[in-house]
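Note that this is a predicted model, so its numbers are computed, not measured.
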There are 2 protein chains.
Amino acid sequence: MSVQERKERERAGRERLILATARELAEQQGWDAVTTRRLAERIEYSQPVLYSHFRGKREIIGAVALEGAAEMAAALRAAASASSSAAASATDGPRARVTSLARAYLGFAERNPAVYDAMFQLDGGLAFATEDTPEPLKDAFAALLERLGEVAGDGVNPALFTEVFWAALHGLATLTRAGRLPPGDAERRVELLVDRLAMI
Amino acid sequence: MSVQERKERERAGRERLILATARELAEQQGWDAVTTRRLAERIEYSQPVLYSHFRGKREIIGAVALEGAAEMAAALRAAASASSSAAASATDGPRARVTSLARAYLGFAERNPAVYDAMFQLDGGLAFATEDTPEPLKDAFAALLERLGEVAGDGVNPALFTEVFWAALHGLATLTRAGRLPPGDAERRVELLVDRLAMI
DNA sequence: CTCGTATGTCTAGCGGTGCTAGGATCGAAT
DNA sequence: ATTCGATCCTAGCACCGCTAGACATACGAG
C-alpha cells in the first residue's frame with residue numbers, strides 16, 4: 001500500500017512541476033515558446049510523460065488557467081477587504097472598494113500576462129457561463145460580483161452589471177498589454193470607468 | 001511599358017486574391033486553418049509566391065486587419081449617420097447615435113470574427129497608438145471619436161473617454177464570442193453600457 | 001533469492017507547420 | 001533566333017503536437 005501512495009505522491013509532485021514550469025516558461029517567453037519538447041526538457045523527462053498527465057497542450061493551458069483563476073479570486077477579495085479595513089472605511093465606502101477591485105484586476109493581468117492569456121485569450125478547453133464551468137472560474141466571477149453587486153444601481157441585475165464591468169476591465173487589460181492603448185493614462189481610465197459605471 | 005504595366009496589374013490582382021482567399025478561409029475555418037500550404041493551393045500557386053507578396057503569414061494577417069479597419073470605420077460612420085438621418089433625429093439625439101454606434105461595432109465583430117481577430121487578437125505586426133500607426137487604424141479610432149466626443153462629459157478628455165468606451169466594447173465583443181458571457185443578454189449589456197458611460 | 005510480470009519511461013517517427021535555397025522555365029528584348 | 005532576366009516551382013530545412021512500440025526497471029509471488 002505504502003508503495004502505491006509514494007508513487008501517487010511522486011506523480012502529483014511531477015504534475016505540479018509540469019504546471020509550474022509551463023507557467024514560468026510562458027511568463028518568460030510567451031505561450032508560443034511553451035512547446036512540448038522544451039517543456040519536457042525543462043522537467044527533465046521525455047515528451048510522452050506530459051501526455052500521461054494531460055491530454056495535450058490545451059489541457060496544460062487549461063490547468064494553468066484554473067490555477068490562475070483561484071489566485072485571481074483571492075487577489076480580488078484581498079483588495080476589496082484591504083480597502084475597507086483601512087482607516088476610514090465608512091467614509092470612502094463602496095467607491096474606494098470598487099476602485100481598488102478594478103486596480104487589483106488590472107494589476108493581476110499585468111503581473112501575470114501569461115496566466116491571464118491562459119484564462120481568457122487562449123483555448124484551454126474550459127467551459128464558461130454554463131453549469132459545468134469549473135469551480136475556480138465561477139468563484140473568480142463571484143469575487144467580482146460580491147463587490148460590484150452593491151453598486152449595480154436600482155433595478156439593474158447585479159450579474160448583468162458585473163458582466164459589463166468585467167468586460168470593460170478585460171478590454172482595458174488586453175488592449176493595454178497589446179500596446180493598443182497609450183500606456184501612460186491607465187490610472188485615469190480606471191477612474192473614469194469606475195466613476196461612470198458604479199452607482200455610488 | 002505596356003508589358004510592365006500589365007505585369008503590375010496582374011501582380012496587384014494576385015495580391016488581392018491572396019488576401020481575399022486568406023480572409024475567406026479564416027472566416028470559414030478560423031485562422032489556424034490558414035496555412036501557407038492551403039492558401040497557396042487555393043490560389044493555385046506554390047507557397048513561395050506568397051512570400052514574394054508578403055514577408056510571411058504575420059504580414060498577411062496585418063494586411064487583412066488593415067482592410068478590416070477601413071471597413072469598420074465605414075460601418076461605424078454609416079451607423080452614426082443613419083440614426084441621425086432617420087425621422088426624429090433632434091429628439092432622440094446623441095443617445096441613439098451612441099447606441100447605434102455601439103451596436104454597429106459589436107455587429108461588425110460578430111459578422112467578421114476572423115477580421116476582428118486579425119485586427120485585435122492576433123499579431124499582425126502593426127503599430128498601435130504611435131505616430132506611425134497605419135492610417136486605417138487611426139481612422140477607425142477617429143470614427144469612434146467623432147461620435148463619442150460629444151458625450152464624453154464636461155472636463156473629460158474625449159480621447160480618453162473614447163479609449164474607455166472602446167475597451168468596453170472590445171471586452172464585450174471578445175468575451176461574448178469566446179462563450180465567456182451568456183449570449184442572450186447582449187442587447188441589455190449594450191444598453192447598460194451606453195446608459196452609464198455616455199453623458200447625455 | 002529468484003523469477004515472471006507489470007508499470008513506467010524513452011527512442012523514434014508520423015504528418016503537419018512557416019519559411020527558403022536553387023534550379024527550371026518561360027517570355028521579352030536584341 | 002538567341003540571349004538574358006524575371007518568375008515560378010520542387011525539394012528541403014527545422015520545428016511543431018502527438019503516439020506507437022521497444023526497453024528497462026522495480027515490484028510481488030514462490
| Ring centroid separation for B:F165 and B:H170, is it under 6.0 angstrom? | no
| request: Establish, yes or no, whether a centroid distance under 6.0 Å links the rings of A:Y45 and A:H53. | output: no
| Taking DNA chain C as the partner, which of residues 115-124 of chain A come within under 4.0 angstrom of it by heavy atom? | none
Which atom pairs, donor and acceptor, lie under 3.5 Å between side-chain atoms of residues 55-65 of chain B and protein residues at least two apart or in another chain?
unit_1: B:K57; atom_1: NZ; unit_2: B:V34; atom_2: O; d: 3.0
unit_1: B:R58; atom_1: NH2; unit_2: B:D123; atom_2: OD2; d: 2.8
unit_1: B:E59; atom_1: OE2; unit_2: B:R55; atom_2: N; d: 3.4

| said: Between P on C:dT17 and CD on B:E41, what's the gap in Å once rounded to a whole number? | reply: 11 Å
| query | Among residues 11-19 of chain B, which residues get a heavy atom nearer than 4.0 Å to DNA chain D? | reply | B:R14
| query | Restricting to pairs with a member in residues 161-179 of chain A, which pass salt bridge (charged side-chain N to carboxylate O under 4.0 Å, His left out), not counting sequence neighbours? | reply | A:D117-A:R177, A:E163-B:R189
| remark: Between CZ of A:R55 and P of D:dC18 the distance, given in whole Å, is 12 Å
| All pairs passing salt bridge (charged side-chain N to carboxylate O under 4.0 Å, His left out) where residues 149-158 of chain B contributes a residue, at least two apart | B:R97-B:E150
| said: Using the ring centroid of each side chain, check whether A:F120 and A:W166 are separated by less than 6.0 Å. | reply: yes
| query | Any donor-acceptor pair under 3.5 Å linking the side chain of A:N112 with the backbone of A:F108? | reply | yes
| field | Interatomic distance, B:I61 CD1 vs C:dT17 C1' [rounded to whole Å] | value | 13 Å
| Hey, is the main chain of B:V49 close enough, under 3.5 Å, to the side chain of B:S52 for a donor-acceptor pair? | yes
| Other residues, nucleotides, ligands: >12 heavy atoms within 6.0 Å of A:E187 CD | yes
| task | State whether the number of non-hydrogen atoms from other residues, nucleotides or ligands found under 6.0 Å of B:E41 atom CD is greater than 12. | result | no
| When you look at CD of B:E44, are more than 12 heavy atoms from neighbouring residues, nucleotides or ligands closer to it than 6.0 Å? | no
| Within this structure, what is the CD-to-C1' distance between B:E10 and C:dG27, rounded to whole angstrom? | 12 Å
| message | So if I define the base as every atom that isn't primed, P, OP1 or OP2, how would nucleotides 11-17 of chain D read as a B/S/- string at a heavy-atom cutoff under 4.0 Å? | response | -B---BB
| field | Atom-pair distance (CG on B:L50; C1' on C:dT20), nearest Å | value | 13 Å
